[in-house]
Amino acid sequence: MSYKHLSLEERHYIELSMKNEMAQTEIATTLGRSQSTIYREVSRNKGLKGYRHKQADRLAKQRHETKPKAIKLTDEIKELIQVGLDQDWSPEQMAGRFEKEGIIKLHPETIYQYILADKRSGGDLYQQLRHQNKTYRKRYGSAHNRHGI
């Protein structure tokens, strides 16, 4: 089951329905949502003037932006990546080494993304990669090396 946030239109419908004194369970049924979703939405986002859809949307977005997020790339991990690059390790080797030593479980793509973000900001970490972002070339399925029966 996937979770889907309430849209601005749904919040507007909730506001109008509440002004027309519609029950929250009926609103939930109409929107195809759980009644607890509607109850939580109204209780979280009700202001001094009652439930207003724009205010509710703004408050929900603020809560989402300020909630704590798990950050794997701490300064210590970034230093370890720099050391790994100095030793001419690939991101795959670094991720494997970090996991084997119990430091952190990190996907190699995360390391690549960090290196590419550094490149975009003017850094030179990408120059320490073995292949310096050479594009991958498919070596199968080209028309000139196919042989008929």
Side-chain angles (χ1 to χ4, degrees), residues 1-86 89-142:
M1 179 195 285
S2 66
Y3 179 78
K4 187 173 173 249
H5 294 278
L6 288 169
S7 66
L8 184 62
E9 291 81 21
E10 289 174 316
R11 288 187 170 106
H12 187 79
Y13 180 80
I14 293 170
E15 179 184 2
L16 292 176
S17 300
M18 289 181 67
K19 283 182 180 176
N20 292 331
E21 298 179 0
M22 185 185 277
Q24 290 183 9
T25 53
E26 193 177 339
I27 296 170
T29 308
T30 308
L31 288 176
R33 299 289 190 140
S34 170
Q35 63 184 8
S36 60
T37 300
I38 307 301
Y39 280 106
R40 279 194 301 263
E41 171 70 16
V42 172
S43 66
R44 282 180 186 149
N45 300 315
K46 190 185 291 186
L48 295 175
K49 296 180 180 179
Y51 183 85
R52 295 182 301 170
H53 72 283
K54 288 182 182 176
Q55 173 185 342
D57 198 53
R58 182 176 40 80
L59 289 172
K61 287 179 181 172
Q62 276 180 345
R63 274 195 305 275
H64 178 71
E65 288 172 2
T66 59
K67 71 181 175 182
K69 294 167 181 69
I71 299 172
K72 285 194 168 189
L73 286 178
T74 60
D75 291 334
E76 295 84 26
I77 301 299
K78 290 176 183 177
E79 288 175 22
L80 288 173
I81 291 172
Q82 179 63 51
V83 169
L85 287 171
D86 291 340
W89 290 353
S90 70
E92 290 81 8
Q93 287 173 317
M94 284 187 263
R97 179 63 62 110
F98 297 160
E99 184 176 358
K100 187 176 183 180
E101 292 177 356
I103 298 170
I104 190 171
K105 186 173 176 142
L106 200 62
H107 198 278
E109 184 63 26
T110 305
I111 299 172
Y112 277 114
Q113 293 298 328
Y114 166 66
I115 293 170
L116 292 176
D118 179 69
K119 178 182 178 181
R120 283 191 296 270
S121 66
D124 60 351
L125 285 179
Y126 73 98
Q127 293 174 346
Q128 293 176 303
L129 283 174
R130 292 178 179 175
H131 298 288
Q132 280 117 35
N133 270 351
K134 290 181 184 171
T135 55
Y136 177 72
R137 182 174 62 92
K138 260 191 343 184
R139 289 176 175 82
Y140 58 88
S142 62

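The figures here come from the full heavy-atom set of this structure, side chains too, leaving out hydrogens, waters and symmetry mates.
Taking both residues in full, the closest heavy atoms of Ile38 and Ala28 are given as CG1-CB, 3.6 Å, listed atom of the first, atom of the second, then distance. Between Glu15 and Tyr51 the shortest heavy-atom distance is CG-O, 3.5 Å.
Between the NZ atom in Lys67 and the CD atom in Gln62 there is a gap of 14.0 Å [rounded to 0.5 Å]. Distance check, rounded to the nearest 0.5 Å: CD of Glu26 to CG of Leu31 gives 11.0 Å. Distance check, rounded to the nearest 0.5 Å: NZ of Lys119 to CG of Leu125 gives 11.5 Å. Remark: Ile115 CD1 to Gln127 CD distance equals 12.0 Å, nearest 0.5 Å. For the atom pair NZ of Lys46 and CD of Gln55, the computed distance is 11.5 Å after rounding to the nearest 0.5 Å.
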TODO: Under the side-chain contact (heavy atoms from CB on, under 4.5 Å) rule, what do Met94 and Val83 come out as? Steps first, then yes or no, please.
DONE: CA-CA 10 Å; Met94 284 187 263; Val83 169; over 6 Å; no
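Put simply, the side chain of Asp118 does not reach to within 4.5 Å of the side chain of Tyr126, judged on heavy atoms. The closest side-chain heavy-atom distance from Glu101 to Arg97 is below 4.5 Å. Between Ile104 and Thr74 the shortest side-chain heavy-atom distance does not fall below 4.5 Å. Two residues are said to be in side-chain contact when any heavy atoms from C-beta on lie closer than 4.5 Å; Leu129 and Pro91 meet this criterion. A heavy-atom distance below 4.5 Å is found between the side chains of Gln82 and Asp86. Arg63 is listed as a side-chain neighbour of Asn45, based on a closest heavy-atom distance under 4.5 Å. The shortest side-chain heavy-atom distance between Leu73 and Ile81 falls under the 4.5 Å cut-off. Taking the side chain as every heavy atom from C-beta outward, Lys72 and Tyr114 never approach each other to under 4.5 Å.
With hydrogens and angles disregarded, no donor-acceptor distance shorter than 3.5 Å links the side chain of Lys54 to the backbone of Arg52. Side chain of Glu10 to backbone of Ser7: a donor-acceptor contact under 3.5 angstrom is found.
With sequence neighbours excluded, the residues forming a ring-ring contact (aromatic ring centres under 6.0 Å, His included) with His12 are His53, listed by chain and number. Leu80 meets the side chain to side chain contact (heavy atoms under 4.5 Å, CB included) test with Ile77, Phe98, Ile103; sequence neighbours excluded. Partners of Arg11 according to the side chain to side chain donor-acceptor pair (under 3.5 Å) rule, which considers only residues two or more places apart in sequence or in another chain, are Glu41, Asp57.
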